[in-house]
Enquirer: 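So that we are looking at the same thing, I have put the structure below in structure tokens.
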Amino acid sequence: MKKTQNYDHKKIEKKWQKIWDKEKTFSVKEDSKKKKFYGLIEFPYPSGDGIHMGHVRTDTAMDVICRKKRMEGYNVLYPIGWDAFGLPTENYAIKTGIHPTVVTKNNTNTFRRQLKSIGFSFDWLREINTSDPNYYKWTQWIFLKLYENGLAYKKKMLINWCPKDKTGLANEEVINGCCERCGTVVEKKEKEQWMLAITKYADRLEKDLDDVNYLEKIKIQQRNWIGKSEGAEIEFKIKNSDKKIKVFTTRPDTLFGVTYVVLAPENELVQQLSSQVKNWQEVDKYIKEVKGRPEMERTADGKDKTGIELKGIKIINPVNGEEFPVFVADYVLGGYGTGAVMAVPAHDDRDFAFAKKYNLPIKEVISLGGEASKSAEQAYIESGVMINSGKFNGRNNEEIMSEITKFAGGKMTTTYKLRDWIFSRQHYWGEPIPVVHCEKCGIVALKEKDLPLKLPLVKKYQPTDTGESPLALISKWVNTKCPKCGGKAKRETDTMPNWAGSSWYYLRYADPKNKKEFANIEKLKYWTPVDWYNGGMEHTTLHLLYSRFWHKFLFDLKLVPTNEPYQKRTSQGFVLGEDGEKMSKSRGNVINPDEIVKNLGADSLRTYEMFMGPFDQSITWSSDNIVGSKRFLEKVWKLQDRVTDNFSDSEEIITLINKTIKKVGEDIESMNFNTAISGMMIFANGLENQEKISRETYLDFIKILSPFTPHICEEIWAKFGNKKSITLADWPKWESSKIVSGKIKMPIQINGKVRGVIDVNSDLNEDEITKIALSNKDIFKWTLETPIKKTIFVKNKIINFII
RNA sequence: GCCAGAGUGUUGAAAUGGUAAACAAACUCGACUCAAAAUCGAGCGCUCGUAAGGGCUUGUGGGUUCAAGUCCCACCUCUGGCACCA
């Protein structure tokens, strides 16, 4: 037989990428006759470094899934675009003087070339770019809708301020008190900021998690972040005043154990009470001190609690009329609950520590039955029986929650840790916020016909030290007319964070060229929701939550057909450098995909990325191990020589191919790509000692391999005379009757230890197998002297003799 | 502290309660070669033994079971997330 030429990955990969491009193989249209599948990956930020191995891993995974779905007959949408606004581009522009638009264009060109060189089956006709005015027109439009509906508002507040990046940060962007991006310690700064009222959706964002198919850990993280907490709101009257302090507590059962109340330094009530506070100077000094401290210090681990009493203020316990002091302390947070807590030192660790430090009384109201007293080393926070609590004595603390709340004149309520989303950024390279500040009318939104509000061309992008956006320096742009009264007005100079464009991009993919609306509802009805969205865990509390919020808002306006944007969400682990550290330029451990594609080929790279380990785990890159993937493809290539027409495969091979088809199909669905590939390696190895293989079996194998390594499979597929792309081939079916072969290997155990293995027909019954087993030389000797007490037989699995 | 997840060869790892280490990589030996690479073949958890053949082994300690990496209890370590959230 004629030997095939060597596997020339460069030639093959170039050839097929050209064909896919020319024939627009992966471009799709709505087709009501076909069921759709919408697979989504997080669109990349086009940085100057080009794509990295992390992109390759997630894009390959979703590419495998999408390619399989196509072969199963789905109309598959697998789109790509660029999340192009953002700081690194702006910083690069500042450094080099090249306009961000140009930088972005260069970077996206690189990304596009790289992604194409790996053979992803993206629909390139739907490519989008968040920094394109045709796109951000609609980001601005959605903002206006939010504004119209009272969900976007301006607020003077202490914000997280990164002194290096010179910008405000959302709470989610502050990690351990540091800027997520550059690691600089975040400061507090008072500034007017645009806010989005995501908290209004907190309950739905929490509850609707029940209806989506996200990985459990993703749901848990979102739930923790939203931080739903049920409890009671209770008012404490201030003595000799008409003012009240409202507290939130999850433990109304401990009301009789309150010995003081604490206000957050930010709580407005503190200022209102100032005239009655005898030591106001001291208190004022304390508050200023706390506010000036960076958040990191205030919340540092194990930090000593500080506080100061508001002398002259007494408060009355609504359940028993007792009077006690009021404190201001830094361990109470202004932004959570009501910014005030009732302190029950006997049954709360923090209150306990504070009470010990300031020598405040500790009153026990729940008893385990024994003595957990004031001298105890810690608070008793478990449940138990009520004591010292008037009419509630003797009852279990958990059953009296709502009863005692009512008794105290309070009400049961729910609070969330989630805060409103700080939406302003003081930067150039983002979507301008489409409002003006009119001298007469105040804040006025632009009219829809005036969108997009384009970024002005400038020469300098430096953020200002005053905390204003660089846009503020462009007076020609800033000074404008009020759309309402025509009078003098100034444009808003803050821009949106880059979470804005990514909060709705998956909708634009359904209708990327639409000039009249962000996406046509009929098209959205066909394509959405996204069936499967894969992305990084680091976006769970940011992008994923933000976009769910925007989507729900659009749903409420009946602009999108579904309540949730993403039906299923999974995530991948990082690809680490060979030293086990995160790949980064400064560490010098970056592996460049271009190099790998050039030297070993896109198909080898794809195989290795899928084979290297479990998809959801972080994994260390190994330049050694990747050769195994290349060798596998060489082997597959050479197997062509053994294909024989009019040949029937052995029973062994028929079983093997059926098993492999089943395994690969199931493993792709569950994202066990590594075992799917090992299964195909086993198949290829299984053919090693066969001189011939049927064309049918070989091509079935090529079909199931093709989602992983499309180029080589297209080539082989075409070599066997197929005119149409393997993309259009049917996913092979397996037959359960062909999976169990007649002969099986059955281990034989003596007392649970394997002592031998026998080859038997799978349809034999227990007696027949026992006979064969006992005549086996490895088993025989064990049963010589001791009688068999018991036999355990599991069909097609095992036989175990107890002696 | 709280919430997830994970601890298996030299390495990446695999294993519906049923032969632990599949599949790969590295390594050793052999074939081919003047030689090297590539390729092919053999070996490759620890341990006793010349061998035949035993014994041990999935973080630690207990338990359930004919049978446990897998289930249950306690503990240790690591990774990720949250963290004074009342």
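The sequence lines fix the lettering, A, B, ..., with proteins before strands; numbering per chain opens at 1.
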Enquirer: For rG9(B) and rA21(B), measure between their P atoms and round to the nearest Å.
Expert: 14 Å
Enquirer: Under the rule for salt bridge (Lys or Arg N to Asp or Glu O under 4.0 Å), what residues qualify as partners of K635(A), not counting sequence neighbours?
Expert: none
Enquirer: For rA26(B) versus rU65(B), give the span between their C1' atoms, rounded off to a whole number of Å.
Expert: 39 Å
Enquirer: Write down the distance separating the C1' atoms in rG17(B) and rG69(B), rounded off to the nearest Å.
Expert: 11 Å
Enquirer: Pairs under 3.5 angstrom, nitrogen or oxygen only, protein versus nucleotides 52-54 of chain B, please.
Expert:
residue, atom, partner, partner atom, Å
rG53(B), O3', K781(A), NZ, 3.4
rG54(B), OP1, K781(A), NZ, 3.3

Enquirer: Taking a pair as Watson-Crick or G-U wobble with both distances under 3.5 Å, which nucleotide is matched to rC2(B)?
Expert: rG81(B)
Enquirer: Hey, are D420(A) and K200(A) close enough for a salt bridge, meaning a charged N less than 4.0 Å from a carboxylate O?
Expert: no
Enquirer: For rA86(B), does OP1 or OP2 lie under 4.0 Å from any side-chain N or O of Y331(A)?
Expert: no
Enquirer: Between Y214(A) and T570(A), do the side chains contain a donor N or O and an acceptor N or O under 3.5 Å apart?
Expert: no
Enquirer: Taking the nucleotide of RNA chain B with the nearest heavy atom to each, does S229(A) or K663(A) sit closer to the 5' end?
Expert: K663(A)
Enquirer: For K356(A), is there an ion pair with D351(A) - N to carboxylate O distance below 4.0 angstrom?
Expert: no
Enquirer: Who pairs with V794(A) by side-chain contact (heavy atoms from CB on, under 4.5 Å), at least two apart in sequence or on another chain?
Expert: I792(A), K797(A), I798(A)
Enquirer: According to the Watson-Crick and G-U wobble definitions, with both distances under 3.5 Å, which nucleotide is paired to rC29(B)?
Expert: rG41(B)
Enquirer: Send over the distance from L639(A) CG to rC40(B) C1', rounded to a whole Å.
Expert: 15 Å
Enquirer: Without decimals, in angstroms, what is the distance between K305(A) NZ and rG1(B) P?
Expert: 15 Å
Enquirer: For Y416(A), check ring-ring contact (aromatic ring centres under 6.0 Å, His included) against everything at least two apart and list the hits.
Expert: none
Enquirer: Could you work out the separation of rC44(B) and rC29(B) based on their P atoms and round it to a whole Å?
Expert: 16 Å
Enquirer: Within this structure, what is the CG-to-P distance between D348(A) and rC84(B), rounded to whole angstrom?
Expert: 13 Å
Enquirer: Using a heavy-atom cut-off of under 4.0 Å over every strand shown, decide if V754(A) touches base, sugar-phosphate, or nothing.
Expert: sugar-phosphate
Enquirer: Is it true that F327(A) and Y260(A) have ring centroids separated by less than 6.0 Å?
Expert: yes
Enquirer: Give me the distance, rounded to whole Å, that separates rU58(B) from rA15(B) when you measure between the C1' atoms they each carry.
Expert: 11 Å
Enquirer: Within 45 degrees of the axis of the six-membered ring of F574(A) and under 6.0 Å from its centre: does K582(A) put its NZ or CZ there?
Expert: yes
Enquirer: Please encode protein proximity along nucleotides 21-32 of chain B as a string of B, S and -, counting only heavy-atom distances under 4.0 Å.
Expert: -BBSSS------
Enquirer: Generate the contact string for nucleotides 2-9 of chain B. Rules: B means base contact, S means sugar-phosphate contact only, - means no protein heavy atom under 4.0 Å.
Expert: -SS-----
Enquirer: To the nearest angstrom, how far is Q221(A) atom CD from rU79(B) atom P?
Expert: 17 Å
Enquirer: Taking the six-membered ring of Y331(A), is the NZ or CZ of K305(A) close enough (under 6.0 Å from the centre) and on axis enough (within 45°)?
Expert: yes
Enquirer: In whole Å, what is the span from the CD atom of Q222(A) to the P atom of rG81(B)?
Expert: 16 Å
Enquirer: Could you tell me whether K745(A) contacts a base, only the sugar-phosphate backbone, or nothing, with contacts defined as non-hydrogen atoms closer than 4.0 Å?
Expert: base
Enquirer: Taking rG41(B) as the reference, what is the distance to rG7(B) when you measure between their P atoms (whole Å, please)?
Expert: 33 Å
Enquirer: Taking N or O atoms only and anything under 3.5 Å, show me the protein contacts with nucleotides 65-67 of chain B, one pair per line.
Expert:
residue, atom, partner, partner atom, Å
rC66(B), O2', N800(A), ND2, 3.4
rC66(B), O2, N800(A), ND2, 2.6

Enquirer: So does K795(A) have more than 12 non-hydrogen atoms from other groups sitting under 6.0 Å from NZ?
Expert: yes
Enquirer: If I take atom CZ in residue F632(A) and atom P in nucleotide rC40(B), what distance separates them, rounded to the nearest angstrom?
Expert: 14 Å
Enquirer: Of all the choices, rA86(B), rA13(B), rC84(B), which nucleotide is nearest to the side chain of I619(A) once you look at every atom?
Expert: rA13(B)
Enquirer: Using heavy-atom distances to pick each residue's nearest nucleotide on RNA chain B, tell me which of A340(A) and M537(A) is more 5'.
Expert: M537(A)
Enquirer: Tell me yes or no: between the side chains of Q572(A) and N534(A), is some donor less than 3.5 Å from an acceptor?
Expert: yes
Enquirer: Does OP1 or OP2 of rG80(B) have a side-chain N or O of S618(A) closer than 4.0 Å?
Expert: no
Enquirer: Taking side chain as C-beta onward, heavy atoms only, is W621(A) less than 4.5 Å from I626(A)?
Expert: yes
Enquirer: Among rU19(B), rC56(B), rA86(B), which is the nearest nucleotide to the side chain of V757(A)?
Expert: rU19(B)
Enquirer: Based on the glycosidic angle (syn within 90° of 0, else anti), state the conformation of rG81(B).
Expert: anti
Enquirer: Applying ring-ring contact (aromatic ring centres under 6.0 Å, His included), can you list everything that pairs with W637(A), at least two apart in sequence or on another chain?
Expert: Y7(A)
Enquirer: What pairs of residues pass the salt bridge (charged side-chain N to carboxylate O under 4.0 Å, His left out) test when at least one of them lies in residues 332-348 of chain A, not counting sequence neighbours?
Expert: D348(A)-R350(A)
Enquirer: Pairs of donor and acceptor atoms involving the side chains of residues 607-615 of chain A, under 3.5 Å and at least two apart or interchain, shall be tabulated with distances.
Expert:
residue, atom, partner, partner atom, Å
T607(A), OG1, D603(A), O, 2.7
Y608(A), OH, S622(A), N, 3.1
E609(A), OE1, R57(A), N, 3.3

Enquirer: So, using salt bridge (Lys or Arg N to Asp or Glu O under 4.0 Å) as the criterion, who are the partners of K228(A) when residues are at least two apart?
Expert: none
Enquirer: On a whole-Å scale, what distance lies between the P atoms belonging to rA42(B) and rA25(B)?
Expert: 15 Å
Enquirer: Roughly how many Å apart are rA67(B) and rA20(B), using the P atom of each and rounding to a whole number?
Expert: 14 Å
Enquirer: Taking any strand in view, what nucleotide pairs with rG9(B) in a Watson-Crick or G-U wobble way, both distances under 3.5 Å?
Expert: none
Enquirer: Once you apply the 3.5 Å cut-off to both distances, tell me the Watson-Crick or G-U wobble partner of rG17(B), or none.
Expert: none
Enquirer: In whole Å, I'd like the distance from the CG atom of D349(A) to the P atom of rG1(B).
Expert: 12 Å
Enquirer: Under a 3.5 Å cut-off for both contacts, is rA36(B) paired Watson-Crick or G-U wobble with anything, and if yes, with which nucleotide?
Expert: none
Enquirer: Measure the distance from CG on N796(A) to P on rU19(B) and round it to the nearest whole Å.
Expert: 13 Å
Enquirer: With sequence neighbours excluded, tell me which residues meet ring-ring contact (aromatic ring centres under 6.0 Å, His included) with F701(A).
Expert: F683(A)
